[in-house]
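Take a look at the structure below.
The analysis underlying the following values was restricted to heavy atoms, covering all of them including side chains, and did not include hydrogens, waters or symmetry mates. Chain identifiers are assigned alphabetically (A, B, ...) following the order of the sequence lines, protein sequences preceding nucleic acid strands; residue numbering begins at 1 within each chain.
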Amino acid sequence: MTTTPPRHIGRAPSDPEPPVVVVVSAGTGNPSSTRMLADRIAQKTLDLLRESGMPASARVLELGPFAVDIARATIAGFPGEQLQAAIEELAAADALIAATPVYKAGVSGLFKSFVDVLENDLLVAKPVLLGATAGSARHALVVDDQMRPLFAYLRALAVPTSVFAAPEDWGATELGERIERAATELTAMLRAGVGEQIADRAWSGYQHQFAGNAARAERTAADLDFDSPLMRLAAGGRAGPGPAG
Amino acid sequence: MQFGIFSVSDVTLDPVTGYTPSEAERIDAIVRIAQRADEVGLDIFAIGEHHNPSFFSSSPTTLLAHIAALTKRIIASTAVTLVTTNDPVKIAEDYAMLQHLAKGRLDLMLGRGNTVPVYPWFGQDIRQGLPLALENYNLLHRLWREDVVDWEGSFRTPLQGFTSIPRPLDDVPPFVWHGAIRTPEIAEQAAYYGNGYFANNILAPNFHFRPLVELYRQRFAHYGHGTPEQAIVGLGGHAFIAKRSQDAVKAFRPYFEGSPIYGKSYRLEDFMHGTPMSVGSPQEVIEKTLTFQEGFGDYQRQLWAVDAMGLPVEMALEQVELLGTEVVPVLRKEMESRRAAGVPDAPTHASLVKAKYGDAEPRQPRPNPNRGDNLTDGSPYQDSDPAIAA
């Protein structure tokens, strides 16, 4: 449970490091259809990035092996060592592909529990592609009805197209087309550096946790704004606008 | 370096015996624990503040006054005084009174409290907890340092010509620690005033609080109170000790696993490895505590929780005994020998009196004659600045 805060500061257009796409899959089977969907999306994303002259790598974060860690972190209030490392990978990612199975007409509890232990500012302005699988096409809106608001809460940049796969989709060319469309959107956002531009200009406007896991979390005195109303109040002044009195 | 114990004042089922002590039994027990801490040479006894079951310590000044009367040299402190839901005027009065009765063996630790319903019970709103804490301390600070205070803020009713009585002992306020585990504004306030900063080093990964401690140190220096290394840092902790390591783990395990805080999350071994929790032989607890000095820098106060989670009083007393006889004497020597030159001890009443007056006699405020209405022009004390109207 020792933590070393990540030093990754987000992606600048001139960043020489190849981008990293992190795939979060809450599928539990082997093979899991959720993981298969996530892999297809990841592969298409990497292909498109390579074609556009931006070779990238993907890392897969299967949540299944973290099920117990996630439950413990929920109760304890802090993650264990391995889960902490996974959270740091997420924080350092340039883009995410998040995929979950649908259980009982909703996102899997494992997926939601994982999101619950993340800090509120961990994914601010991070491009995210949302995907889900289900045993019936009747669950098709779970991605947009449940995952999208969840990532809106996190202030992540969910791409316009969500990818949902019911059993009949696996044989249909339309699924491949949707995957390509969604991956194109993710790739465009990543290449444009939208997330970095937002974070560059507006990071201080979001609520943050000091020394948290977010890539740009304030960690030292140099990162903090001591002219905020609360900081002025802390230094014996008044909280209102204007210089400390 | 000060070493001591602190208690959250939980009244909890003993998971081994199935026995739940009464409030009366726990209150008697905590007095015995504090007395034993004094007898075995610990420096600090601190108690928390709560306003809901299953805790007993709603009135820390009453308890600490009693303990101060029964002890000889231990410093009584709060493990938290709620600076949000208590009126800062009442804090100023109550703790100045306690400071007199304890003959200066008193300091306090301020915190916000994190139990949502407590705020509305006292007419406050937890969403305003941080500005409330900051503003209330700003007022408290003045009430202890100025005979007559005019004040207006966002939360409390304004004060005009107010004098908090009694004035602090020797006109030297109790030393204040600000407790925080995630809020940089609290570290900033501690640094601004040159007060102590206390991180309750439990229930988190090892050295999780280092960035906040480091922030406090930097800002302490920024405000001209000394170097970052001279800032006044305290750490909480949780210890369970037995002569032999395996006996400690064996005896502690059922309490750990029965605890609603610990037992339903990570395993005991994970907590011992990954967090500051110290369970083992005296030597193991000594070695773990020394890592705190390496990780957080030289610090001034180490407190351990030893009576929580339903431990029977005899077991808690044994913990105090082992701390006082086997752990702390070694830590005192070791930490002293490793401490960098120029790092001060935590302030005490004696050191603060010395700093303020040198060899001169401390001020002893004597009120002017009562004019019956407390409002007539004139300063409240015979030696007050006559230019200030009370």
_Taking the side chain as everything from C-beta on, heavy atoms only, tell me whether B:Pro131 gets closer than 4.5 Å to A:Leu230._
yes

*About how many Å separate CG of A:Asp69 and OG of B:Ser265, when rounded to the nearest 0.5 Å?*
11.5 Å

*Nearest-0.5 Å distance, CE of residue A:Met231 to CD of residue B:Glu188*: 5.5 Å

*Among B:Lys264, B:Arg219, B:Glu135, single out the residue with the greatest number of heavy-atom pairs under 4.5 Å to chain A.*
B:Arg219

*How close do B:Asn138 and A:Gly236 get, heavy atom to heavy atom, and via which atoms?*
OD1-CA, 3.6 Å

*Does the side chain of B:Leu215 come within less than 4.5 Å of A:Leu224's, by heavy atoms?*
yes

*Where does A:Ala73 contact chain B at under 4.5 Å (heavy atoms): side chain, backbone, both or neither?*
both

*If you check every heavy atom in residues 220-228 of chain B against those of chain A, which residues fall under 4.5 Å?*
B:Tyr223

*Please check if atom CZ in B:Arg182 has more than 12 non-hydrogen atoms from other residues, nucleotides or ligands closer than 6.0 Å.*
no

*asked:* Heavy-atom cut-off 4.5 Å, strictly under: side chain, backbone, both or neither for B:Glu214 against chain A?
replied: neither

*Counting heavy atoms not belonging to A:Gln82, are there more than 12 under 6.0 Å from its CD?*
no

*Do B:Tyr266 and A:Ile75 pass the side chain to side chain contact (heavy atoms under 4.5 Å, CB included) test, and can you show the C-alpha distance, the side-chain angles, and the key distance before you say yes or no?*
CA-CA 9 Å; B:Tyr266 299 103; A:Ile75 304 299; over 6 Å; no

_Surrounding CZ of A:Arg148 (heavy atoms of other residues, nucleotides or ligands, distance under 6.0 Å), is the total greater than 12?_
yes

_Please classify the contact of B:Tyr193 with chain A as side chain, backbone, both or neither, using a heavy-atom distance under 4.5 Å._
side chain

*What's the verdict on side chain to side chain contact (heavy atoms under 4.5 Å, CB included) for B:Asp270 and A:Arg72, showing C-alpha distance, side-chain angles and the deciding distance?*
CA-CA 11 Å; B:Asp270 295 335; A:Arg72 285 181 164 152; 4.2 Å; yes

*Check: B:Phe209 ring centroid to A:Phe210 ring centroid under 6.0 Å*: no

*Decide ring-ring contact (aromatic ring centres under 6.0 Å, His included) for B:Tyr192 and A:Phe226; before the verdict, give the C-alpha distance in whole Å, the side-chain angles of both, and the deciding distance to 0.1 Å.*
CA-CA 12 Å; B:Tyr192 173 76; A:Phe226 289 100; over 10 Å; no

*Which bit of B:Leu212 is near chain A, if near means a heavy-atom gap under 4.5 Å: side chain, backbone, both or neither?*
both

*Is atom CZ of A:Arg59 surrounded by more than 12 heavy atoms (other residues, nucleotides or ligands) closer than 6.0 Å?*
no

